[in-house]
Amino acid sequence: MGQRIDTPCADLETIDARIHWVLEHPDMSPWLKSALKSSLIEDPIDLTNDLQILANLIVSRSSLLLRQSPCDEAR
């Protein structure tokens, strides 16, 4: 069984190996790969702030869309 990605990492080398794996995996979305590539050159403080905003907005929006019934979408 593979290693979970949400487990704490021991070091930068481990994290970079996980990022490389995602970037090379053919089934990962282009959106995720693009976000990961661009994150590698960002300031870590700015990146952390942006990730918190992105997670809040995307999780809220996705949750709402998943709760909507198919009839709601037809309106």
Side-chain angles (χ1 to χ4, degrees):
M1 183 173 184
Q3 196 175 30
R4 289 176 48 125
I5 18 185
D6 61 347
T7 56
C9 297
D11 56 30
L12 189 58
E13 185 177 340
T14 302
I15 297 167
D16 286 345
R18 290 176 177 179
I19 291 172
H20 178 73
W21 183 87
V22 170
L23 292 174
E24 296 300 318
H25 197 284
D27 293 333
M28 295 294 170
S29 73
W31 181 87
L32 177 60
K33 290 179 180 184
S34 176
L36 278 173
K37 285 178 191 174
S38 66
S39 75
L40 296 174
I41 59 171
E42 293 296 321
D43 173 74
I45 294 173
D46 291 341
L47 181 60
T48 301
N49 292 334
D50 290 350
L51 284 171
Q52 290 173 343
I53 293 167
L54 182 64
N56 185 319
L57 293 172
I58 296 296
V59 168
S60 297
R61 185 175 191 279
S62 295
S63 296
L64 179 63
L65 290 172
L66 290 171
R67 287 193 307 265
Q68 288 180 346
S69 70
C71 294
D72 291 341
E73 293 176 12
R75 292 182 198 176

* **Which atom of H25 lies closest to which atom of K33, heavy atoms considered** => O-NZ, 2.8 Å
* **Non-hydrogen atoms of E42 and L47 that approach each other most closely** => CB-CB, 4.2 Å
Measuring from [X]:[atom1] to [Y]:[atom2], what's the distance to the nearest 0.5 Å?
| X | Y | atom1 | atom2 | result |
| --- | --- | --- | --- | --- |
| N49 | L54 | CG | CG | 12.5 Å |
| T48 | D43 | OG1 | CG | 8.5 Å |
| L32 | L36 | CG | CG | 4.5 Å |
| I19 | K37 | CD1 | NZ | 12.5 Å |
| S39 | L51 | OG | CG | 7.5 Å |

Would you kindly confirm whether [X] and [Y] end up in one hydrophobic cluster when ILVMFWY residues are joined by side chain heavy atoms under 4.5 Å apart?
| X | Y | answer |
| --- | --- | --- |
| W21 | W31 | yes |
| L23 | L12 | no |
| I15 | I45 | no |

* Are the side chains of D11 and T14 in touch, meaning some heavy atoms are under 4.5 Å apart? ->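 Contact flag for D11/T14 side chains = yes.
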* Asked: R61 and side-chain contact (heavy atoms from CB on, under 4.5 Å): which partner among L65, L57, V59?
  ->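 Of the listed residues L65, L57, V59, the side-chain contact (heavy atoms from CB on, under 4.5 Å) partner of R61 is L65.
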* **S63 side chain to S60 backbone, donor-acceptor under 3.5 Å** =>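 No, the answer is negative, given that no donor and acceptor are paired below the 3.5 Å cut-off.
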* **Under 3.5 Å: donor-acceptor pair, side chain of S34, backbone of P30** =>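 It does not hold such a pair.
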* H20: ring pair (Phe, Tyr, Trp, His ring centres under 6.0 Å) partners, not counting sequence neighbours -> none
